[in-house]
Protein chains: 4
Amino acid sequence: MRSENKAGGQDRSFIETARRAQIVGSAIDVIAEVGYAQASLARIAEHAGISKGVISYHFDSKDELVQQIVDDAMTAGDAAVRPLVEAQTTAADMLRVYIEASVEFYRTHQRHMLALLDIWTNLRTQDGRQRLGVRDNENEMGDVEQILRFGQATGEFGEFSTRVMAVTVKQAVDGVLLLMAAYDDLDFDVYARELAGLFDRATRKEDRWR
Amino acid sequence: MRSENKAGGQDRSFIETARRAQIVGSAIDVIAEVGYAQASLARIAEHAGISKGVISYHFDSKDELVQQIVDDAMTAGDAAVRPLVEAQTTAADMLRVYIEASVEFYRTHQRHMLALLDIWTNLRTQDGRQRLGVRDNENEMGDVEQILRFGQATGEFGEFSTRVMAVTVKQAVDGVLLLMAAYDDLDFDVYARELAGLFDRATRKEDRWR
Amino acid sequence: MRSENKAGGQDRSFIETARRAQIVGSAIDVIAEVGYAQASLARIAEHAGISKGVISYHFDSKDELVQQIVDDAMTAGDAAVRPLVEAQTTAADMLRVYIEASVEFYRTHQRHMLALLDIWTNLRTQDGRQRLGVRDNENEMGDVEQILRFGQATGEFGEFSTRVMAVTVKQAVDGVLLLMAAYDDLDFDVYARELAGLFDRATRKEDRWR
Amino acid sequence: MRSENKAGGQDRSFIETARRAQIVGSAIDVIAEVGYAQASLARIAEHAGISKGVISYHFDSKDELVQQIVDDAMTAGDAAVRPLVEAQTTAADMLRVYIEASVEFYRTHQRHMLALLDIWTNLRTQDGRQRLGVRDNENEMGDVEQILRFGQATGEFGEFSTRVMAVTVKQAVDGVLLLMAAYDDLDFDVYARELAGLFDRATRKEDRWR
DNA sequence: AATGAATGAGACTTCATTCAT
DNA sequence: AATGAATGAAGTCTCATTCAT
């Protein structure tokens, strides 16, 4: 696992692992609360109750810390969603479960996902190009697309661009973050059900009834 | 028109208007290219081929410049989309036209919208809370929701949460930016058509055929 | 008169004189209100309802404008006080009248004197040394000292350092500005009378009664 | 002691205390030499032989640094003068010792007091009003006034406004700074003795001899 | 393993001054 | 005679990073 080994290959000590986790947690909190741009190492260290230098000691750079957040969040998300999806047999069920499980994960990991969304927009390479794009999302995006293609192959789903549909599904799930930020009393279950229904109608073969 | 008058009420001179437009244009370019966080006044000035002080001369603060970008982009988007939508008679047509016109606007204003998306994420109030949220988007969001409710009232559309559907429509259209950044050869027309079809199926009353 | 002629020797036009007076007046207001450090040309121009460039047009530099304020205030002060003093015959009366007339002038020219005090502290030569010091005040200081020496010569006054006494008189009169700033309801007449009494006792020959 | 503890309540480390003292010292030197307005952090840092950032590291803002100077100077002045005054029994002696000790303090702390005087004039609140005024001086001013009232109560002193007299005493002592700046060879002892005599005559009951 | 201290680059902003119109 | 526009220097402050302890 990437997060438990150094680049050199040696295992991290227990303490090191714990410290990194603590720092990552604080970084998530701070980014979620004040935004990526305002999330200075000083603020993160203060939130963690440690000295600024500790972060530099455990992470080569701020970029590495941020990358760790991204890795952690995506790994956790994958772990939460994939097994449930793979337990399904029909493409329609897979899609529905993917959406429901994703929204549920967003609910239980609100701060993680708020931070991730912010990082996503802001993380750039030195030449200014966005470091994270659809391509880095290919794993997840690919998973959804696979479900969609599977459904088209089995005849459950109608004709549509699997790429466009996949992007839309991903964006739709992210939409929960926007509403979350705006309305404290957002009902995640309703949101998940609505979304599931929406994409069920959008994907399934229509002429079954014709 | 808001963008052509000062707070004091006086009209701006022609030169002032032109300079502001030039600066706003440069700012959009720079933000779209290197991201909001890296878009310093120095970089924007350099891109515009002017001195840093000129920006401060024409804009009270960086915030005002950024707000001008937001205002301009949203005004232009509204102007491009609304008339076309209002020319429609059925809700289904309105929704389809809204999506198609929006995607078309995104195609002709790629840099504007990339910049806007970046600003959206990053603009915060002093206490860290996001300055722009769903609520600031209410105008546009509200427009979509109105279409959706109208469709439900006329019986064209089925039952669904208009709020969730509206957010999803908005997010889906924004999705074009993600694909755009990843694939140079993106076919906007296909994207628009796919999206229109997707939401047509997702919204229309299903049991007409039952 | 210095203030009505250019360095070159030509007379100023009527308009030029009026403009300079207007600008000087605004500068006094602004300096008195927000302090010398915050009194930018922009603020002064705004207060005068003119463009920033006008100031630069009529004054070679900000320093010249400030020097004009100093000259004006000191000239006016001298004109208000000197005739009254010179109308007295005894040194004691001269000193009393000097103090009373000075305080009265401070009352009618509060803003001028507040500004002057501020400028006094802040005006420096390029190498950092204070441009205005006791030596520049020699005129006024000298006047007071002359009165004091006159009194000692006539035997009205006792023995004391005329220099120390003169500085103290000047400082005492300036003290009215401090109280003015702190207490809105300051009674200038009482202040003047107290001061006059104070220095009467401090200067007069004591052993007349012995 | 206020100056040795952080706002949070923790003690400062030895190094921190030393650095702050060094920076305060440099700031005093620079302000005394070139004036408050020209005393930029860059100049102060250069004078201290450190990097500009060090100042920001040890002081939250320039204002905090300046406030520290004020606190230090006033605390030191109080410590130098008060014990000597309190050792006296008669009001006349108290006043004389206050003046003599103050002038002596000004002699040994010339740079401090020059800086303090400059800061006093220039420190303003955001709305432009002077931050330090007679009221902030109440402590010291109050001390002098107490002596004066005490003397009136015991019958040592005659009738006069204690407030006006107190302001004048304070201003008279400050006058030493003006002469100091103008004449290198100023004899502080003479100045102190002259001032003491001056205020002795100005305060004491006159009609003892009548 | 951790920290406090220091750095230097770069951020935004203010300002006196110059200049073409 | 006046103005609006532009400049470039200098101001304070923030920040990621480095380093001695």
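These numbers were taken from a predicted model, which means no experiment stands behind them. Heavy atoms only: backbone and side chains are in, while hydrogens, waters and symmetry mates are out. Chain letters run A, B, ... following the sequence lines, proteins first and then strands; every chain starts at 1.
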Nearest-Å distance for atom pair [atom1]/[atom2], residues [X] and [N]:
X       : N      : atom1 : atom2 : result
A:Ile44 : F:dC15 : CD1   : P     : 11 Å
A:Glu64 : F:dA16 : CD    : C1'   : 14 Å
B:Phe59 : F:dA5  : CZ    : C1'   : 14 Å
A:Glu46 : E:dT3  : CD    : C1'   : 16 Å
C:Leu41 : F:dT7  : CG    : P     : 19 Å
C:Asp60 : E:dT17 : CG    : P     : 10 Å
A:Ile23 : F:dA16 : CD1   : P     : 14 Å
C:Tyr36 : E:dC15 : OH    : C1'   : 13 Å

First encountered from the 5' end of DNA chain F, between A:Ser61 and D:Lys62 = D:Lys62

Hey, does [Y] have a side-chain heavy atom less than 4.5 Å from the side chain of [X]?
X       : Y        : answer
B:Asp72 : B:His112 : no
C:Leu41 : C:Leu65  : yes
D:Tyr36 : D:Leu123 : yes

Between [X] and [N], is there a contact of a side-chain N or O with OP1 or OP2 at under 4.0 Å?
X       : N      : answer
B:Arg43 : E:dG10 : no
B:Ser13 : F:dA5  : yes
C:His58 : F:dA2  : yes
D:Tyr57 : E:dA5  : yes
B:Arg19 : F:dA6  : yes
B:Ser40 : E:dG10 : no

If you only use heavy atoms from C-beta on, which nucleotide in [options] is closest to the side chain of [X]?
X       : options               : value
A:Lys52 : E:dT7, F:dA16, E:dG10 : F:dA16
D:Val54 : F:dT17, E:dA6, E:dT3  : E:dA6
C:Ile15 : F:dT3, E:dT3, F:dA1   : F:dA1

ask   = Pick one: which of D:Gln68, D:Arg19, D:Glu16 meets side chain to side chain donor-acceptor pair (under 3.5 Å) with D:His58?
value = D:Glu16

Whether over 12 other heavy atoms sit under 6.0 Å from C:Glu46 CD = no

Shortest non-hydrogen separation from [X] to [Y] and the atoms involved:
X        : Y        : result
B:Ala39  : B:Lys62  : O-NZ, 2.9 Å
A:Arg111 : A:Ala32  : O-CB, 3.6 Å
A:Ile69  : A:Ile119 : CG2-CD1, 3.8 Å

message = Let me test you: for the helix from E:dA2-F:dT21 to E:dT21-F:dA2, what is the angle between the axes at its two ends (five pairs each), rounded to 10 degrees?
response = 10°

note = Heavy-atom nearest nucleotide on DNA chain E taken for B:Ser56 and for D:Gly49; more 5' hit belongs to D:Gly49

message = Go nucleotide by nucleotide along DNA chain E from the 5' end; which of A:Ser51 and C:Gln38 gets its closest nucleotide reached first?
response = A:Ser51

